[in-house]
Amino acid sequence: MKIFIISDIHGSSYYLKKALEAYDKEKADYLLILGDELYHGPRNPLPEDYNPKEVSEILNMYKERIIAVRGNCDSEVDQMLLEYPIMSDYSILLFNKRRVFATHGHIYNEDKLPNLSKGDIFIYGHTHLPVAKYEKELYILNPGSITLPKGGNKNSYGLFENGSFYVKDLNGEIIKEIEIK
């Protein structure tokens, strides 16, 4: 199974469309969204083609393939526009006898990890910084941001496939990678 992972859309229809072009090229099975879908947030500038309503309409076309969690900029009002659930603080998936704990990162993060077992996978967004590492006996992953990357990084997404996690820019070039052993 191939899971395409994005975070921090922040209402940009431009970058969402770019990410979905990559999703189609990657031929992914599911789209995991790690929060901050529609609203740009008071700390962020308005992103290119800021149009939360259009973003919701586009995402609703993929509703059967989306697994999503709530970001700190997501609210019940956003849920009224989206036709798939976004209000959970985390989602747990299973991969090869491991838990994959998916969250936005504003509640659980590298400094405040949930209870996980050795070798489990913790994936989050929120920081807008790509991460792919094994630390504290966990795989810690972050796809970066498709819309507002920080730290001089490129707009990016994550791809989880065949036991490997990749962070790629919107052209498909690998930025970071790690094998889940």
- Message: I need the I140 CD1 to F122 CZ distance, nearest 0.5 Å.
- Response: 7.5 Å

- Is the closest side-chain heavy-atom distance between V100 and I92 below 4.5 Å? no

- Donor-acceptor under 3.5 Å (N60 side chain, S56 main chain): yes

- Message: In this structure, is the centre-to-centre distance between the rings of Y50 and H40 below 6.0 Å?
- Response: yes

- Query: Is a side-chain N or O of N155 found less than 3.5 angstrom from the main chain of I146, in a donor-acceptor match?
  - Reply: yes

- Task: Identify the two heavy atoms, one from A19 and one from L170, that lie closest to each other, and give their separation to 0.1 Å.
- Result: CA-CD2, 4.1 Å

- Query: Should D49 and N51 be marked as a side-chain contact (heavy atoms from CB on, under 4.5 Å) after you check the CA-CA gap, both sets of side-chain angles, and the distance that decides it?
  - Reply: CA-CA 6 Å; D49 290 344; N51 190 336; 5.8 Å; no

- Item | Sub-4.5 Å side-chain heavy-atom contact between L148 and P47 | yes

- Rounded to the nearest 0.5 Å, what separation is found between the CG atom of D169 and the CD1 atom of I175? 5.0 Å

- Query: For the hydrophobic clusters of this structure (ILVMFWY residues joined by side-chain heavy atoms under 4.5 Å, transitively), does one cluster hold both Y139 and I3?
  - Reply: yes

- Item | No-hydrogen, no-angle side-chain donor-acceptor test under 3.5 Å, D89 and H104 | no

- Message: Between N44 (side chain only) and G41 (backbone N and O only), is there a donor and an acceptor less than 3.5 Å apart?
- Response: no

- Do other residues, nucleotides or ligands put more than 12 heavy atoms under 6.0 Å from K133 NZ? yes

- May I ask you to check whether N142 and T127 show a side-chain donor-acceptor distance below 3.5 Å? yes

- Message: Just so I know, are the side chains of I123 and F165 near enough to count as touching, which here means a heavy-atom distance under 4.5 Å?
- Response: yes

- Pair Y134-I178, side-chain contact (heavy atoms from CB on, under 4.5 Å): steps then yes or no: CA-CA 8 Å; Y134 184 77; I178 190 168; 4.2 Å; yes

- Query: Are side-chain N/O atoms of E64 and Y84 paired as donor and acceptor at under 3.5 Å?
  - Reply: no

- Query: Taking atom CG of D24 as the centre, does the number of heavy atoms from other residues, nucleotides or ligands within less than 6.0 Å exceed 12?
  - Reply: yes

- Note on the structure: One should read off an interatomic distance between E48 CD and L46 CG, to the nearest 0.5 angstrom, of 12.0 Å

- Should the pair E177-K168 be classified as a salt bridge under the 4.0 Å nitrogen-to-oxygen rule? no

- Message: Do V167 and L141 make a side-chain contact, defined as non-hydrogen atoms from C-beta onward lying under 4.5 Å apart?
- Response: no

- Using atom types as modelled and distance alone, determine if a side-chain donor or acceptor of D74 lies under 3.5 Å from a backbone N or O of E37. yes

- Query: Under 4.5 Å between any side-chain heavy atoms of L31 and I6, yes or no?
  - Reply: yes

- Are V55 and M61 connected in the hydrophobic side-chain network, where two residues link if heavy atoms are under 4.5 Å apart? yes

- Message: Using only atom types and a distance under 3.5 Å, with no angle test, would you say the side chain of N171 pairs donor to acceptor with the backbone of E173?
- Response: no

- Item | For the student: nearest non-hydrogen atoms of F4 and A22, plus distance | CE1-C, 3.8 Å

- Task: Specify the closest pair of heavy atoms between H126 and G105, including all atoms of both residues, with the distance to one decimal.
- Result: CD2-O, 3.7 Å

- Parallel, tilted or perpendicular: rings of F101 and Y108 (30°, 60°): perpendicular

- Would a line drawn from the ring center of Y23 to the ring center of Y62 be shorter than 6.0 Å? yes

- Item | Within-4.5 Å side-chain heavy-atom neighbours: K17 and E54 | yes

- Message: Applying a strict under-4.5 Å side-chain criterion to I, L, V, M, F, W and Y, I'd like to know whether L93 and Y124 cluster together.
- Response: no

- Task: Kindly say whether Y15 contributes a backbone atom to a donor-acceptor pair with the side chain of S12 at under 3.5 angstrom?
- Result: yes

- Might you work through the ring pair (Phe, Tyr, Trp, His ring centres under 6.0 Å) test for H10 and Y39, ending with a clear yes or no? CA-CA 5 Å; H10 289 294; Y39 181 54; 8.2 Å; no

- Note on the structure: Hits for ring-ring contact (aromatic ring centres under 6.0 Å, His included) against F95, two or more places apart or cross-chain, chain-then-number order -> F160

- Can we say K2 and D29 salt-bridge, meaning some charged N sits less than 4.0 Å from an Asp/Glu carboxylate O? no

- Task: Taking atom types as modelled, find out whether E26 and Y157 have a side-chain donor-acceptor pair closer than 3.5 angstrom.
- Result: yes

- Exercise: identify the closest heavy-atom pair between K136 and E110: NZ-O, 3.0 Å

- Message: Any side-chain to backbone donor/acceptor pair from D8 onto D36? Under 3.5 Å, distance only.
- Response: no

- Residues S91 and V69: closest non-hydrogen pair is N-CG1, 3.6 Å

- Item | Charged N-O contact under 4.0 Å between K53 and E57 | yes

- Message: Main chain of L82, side chain of Q79: is a donor-acceptor contact present, judged purely on distance under 3.5 Å?
- Response: yes

- Using the side-chain contact (heavy atoms from CB on, under 4.5 Å) rule, take I5 and L159 through it: C-alpha gap first, then chi angles, then the decisive distance, then the call. CA-CA 6 Å; I5 306 158; L159 192 67; over 6 Å; no

- Looking at R70 and E76, does any basic side-chain N land under 4.0 Å from a carboxylate oxygen? no

- Message: If I compare all heavy atoms of S7 with all of P143, which pair ends up nearest, and what's the gap?
- Response: CB-CG, 4.1 Å

- Message: Go through it in stages, so that I can follow the logic: the residues are L38 and I9, the test is side-chain contact (heavy atoms from CB on, under 4.5 Å), and I'd like the CA-CA distance, side-chain angles, deciding distance and then a yes or no.
- Response: CA-CA 7 Å; L38 303 182; I9 302 165; over 6 Å; no

- Could you walk me through whether E161 and K27 pass salt bridge (Lys or Arg N to Asp or Glu O under 4.0 Å), step by step? CA-CA 11 Å; E161 175 185 28; K27 295 180 174 46; over 6 Å; no

- With the side chain counted from C-beta on, respond yes when R99 and S117 share a heavy-atom pair under 4.5 Å apart, and no when they do not. yes

- If you group Ile, Leu, Val, Met, Phe, Trp and Tyr by side-chain heavy-atom gaps below 4.5 Å, do Y30 and L20 land in one group? no

- Flag yes if L113 and I121 sit in one hydrophobic cluster, no otherwise; membership is Ile, Leu, Val, Met, Phe, Trp, Tyr, and two members link when side-chain heavy atoms are under 4.5 Å apart. no

